[in-house]
Student: 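Sharing a structure here in structure tokens format.
Remember, predicted model here, so these are calculated numbers, not experimental data. Proteins come first, then strands; the chains are lettered A, B, ... in the order of their sequence lines, and each starts at number 1.
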Amino acid sequence: AQSVTQPDIHITVSEGASLELRCNYSYGATPYLFWYVQSPGQGLQLLLKYFSGDTLVQGIKGFEAEFKRSQSSFNLRKPSVHWSDAAEYFCAVETYGGSQGNLIFGKGTKLSVKP
Amino acid sequence: SAVISQKPSRDICQRGTSLTIQCQVDSQVTMMFWYRQQPGQSLTLIATANQGSEATYESGFVIDKFPISRPNLTFSTLTVSNMSPEDSSIYLCSVDPGTVNYGYTFGSGTRLTVV
């Protein structure tokens, strides 16, 4: 069955430090991959997505992610974290191509930022 | 990308009652989705709602408990019926804007507490 694993439940980084959030997926075909961010009391905002092509994807707010098929991974990175990045981050995979809508989410990684 | 207005943003309800959550989209979309996010958990798809047809429910969710309406291409409602404290969650609607270039958009969520 398709699944998404985010191994880190909670990560704390210092402001200005680099960040990498891990995501591994299990899916037989080429996946459509997403990273979403959820601030406290808010809905989900799409950070970036991978459908095909260049495996390094640029997103909003200075985030990027790299798709590595050999490792079934789609890790999210940011070179310098800001205090406003404190939130929960969800990796998701769409299990079909096109408009099928079945997003499978990981359990999320909560990011705390130290001043 | 599509903009979703979801309401209410939060509510506290008595057990045994029902709550209807509304999602209004600023453009016509074929598919709308309803998710549940239980406290401290990830998102789980409840059902997919297409205009003009019955909603498709995921395993573990039934129409009697979560009836959905989709009267047109910009609006949907989810009702949580005969509520119990276990229904306390965040409920989110999502849309597929119809092109892979955008990714799925989410409403801001409804935080439901059942007492």
Student: Could you tell me which portion of Gln6(B) (side chain, backbone, both or neither) has an atom closer than 4.5 angstrom to a non-hydrogen atom of chain A?
Tutor: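 Neither part, no heavy atoms under 4.5 Å.
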Student: Is it the case that the side chain of Ser42(B) and the backbone of Gly106(A) share a donor-acceptor pair, with hydrogens and angles ignored and the cut-off at 3.5 Å?
Tutor: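 Checked: pair present.
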Student: Leu47(A), Phe67(A): one ILVMFWY side-chain cluster at the under-4.5 Å cut-off?
Tutor: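 Linked, Leu47(A) and Phe67(A) end up in one cluster.
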Student: When you compare the side chain of Tyr35(B) with that of Leu103(A), does any pair of heavy atoms fall below 4.5 Å?
Tutor: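 Leu103(A) vs Tyr35(B): side chains touch.
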Student: With heavy-atom distances below 4.5 Å as the criterion, would you say the side chains of Phe90(A) and Gln37(B) are in contact?
Tutor: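 Yes; the side chains approach each other to less than 4.5 Å.
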Student: Are Ile90(B) and Phe61(B) joined in one hydrophobic group, where the rule is that I, L, V, M, F, W and Y side chains link up if heavy atoms are under 4.5 Å apart?
Tutor: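 Looking at the clustering, Phe61(B) is in a separate group from Ile90(B).
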Student: With a cut-off of 6.0 Å (strictly less than), are more than 12 heavy atoms of other residues, nucleotides or ligands near CD1 of Ile60(A)?
Tutor: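 Enclosed.
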Student: Is Thr105(B) close to Leu44(A) at the side-chain level, that is, under 4.5 Å between some pair of heavy atoms?
Tutor: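 Answer no - side chains too far apart.
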Student: Is it the case that one hydrophobic cluster holds both Ile104(A) and Leu76(A), taking links as side-chain heavy atoms less than 4.5 Å apart, direct or via other members?
Tutor: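 Ile104(A) clusters together with Leu76(A).
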Student: For a ring-ring contact (aromatic ring centres under 6.0 Å, His included) check, start with the C-alpha distance between Tyr36(A) and Tyr104(B), then their side-chain angles and the critical distance, and finish with the verdict.
Tutor: CA-CA 10 Å; Tyr36(A) 286 89; Tyr104(B) 296 90; 8.1 Å; no
Student: Take atom CZ of Arg15(B) as the centre, draw a 6.0 Å sphere, and report whether it contains more than 12 heavy atoms from other residues, nucleotides or ligands.
Tutor: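 Counting neighbours around CZ of Arg15(B), 12 or fewer heavy atoms of other residues, nucleotides or ligands fall under 6.0 Å, so no.
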Student: Just wondering, are more than 12 heavy atoms of other shown residues or ligands nearer than 6.0 Å to CD1 in Ile12(B)?
Tutor: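 Atom CD1 in Ile12(B) is not packed in, count stays at 12 or less.
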Student: Name the region of Gln38(A), side chain, backbone, both or neither, that has any atom closer than 4.5 Å to a heavy atom of chain B.
Tutor: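 Contact with chain B involves the side chain of Gln38(A) alone.
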Student: Quick check on Leu92(B) against chain A: is it the side chain, the backbone, both or neither that has a heavy atom closer than 4.5 Å?
Tutor: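 Side chain only.
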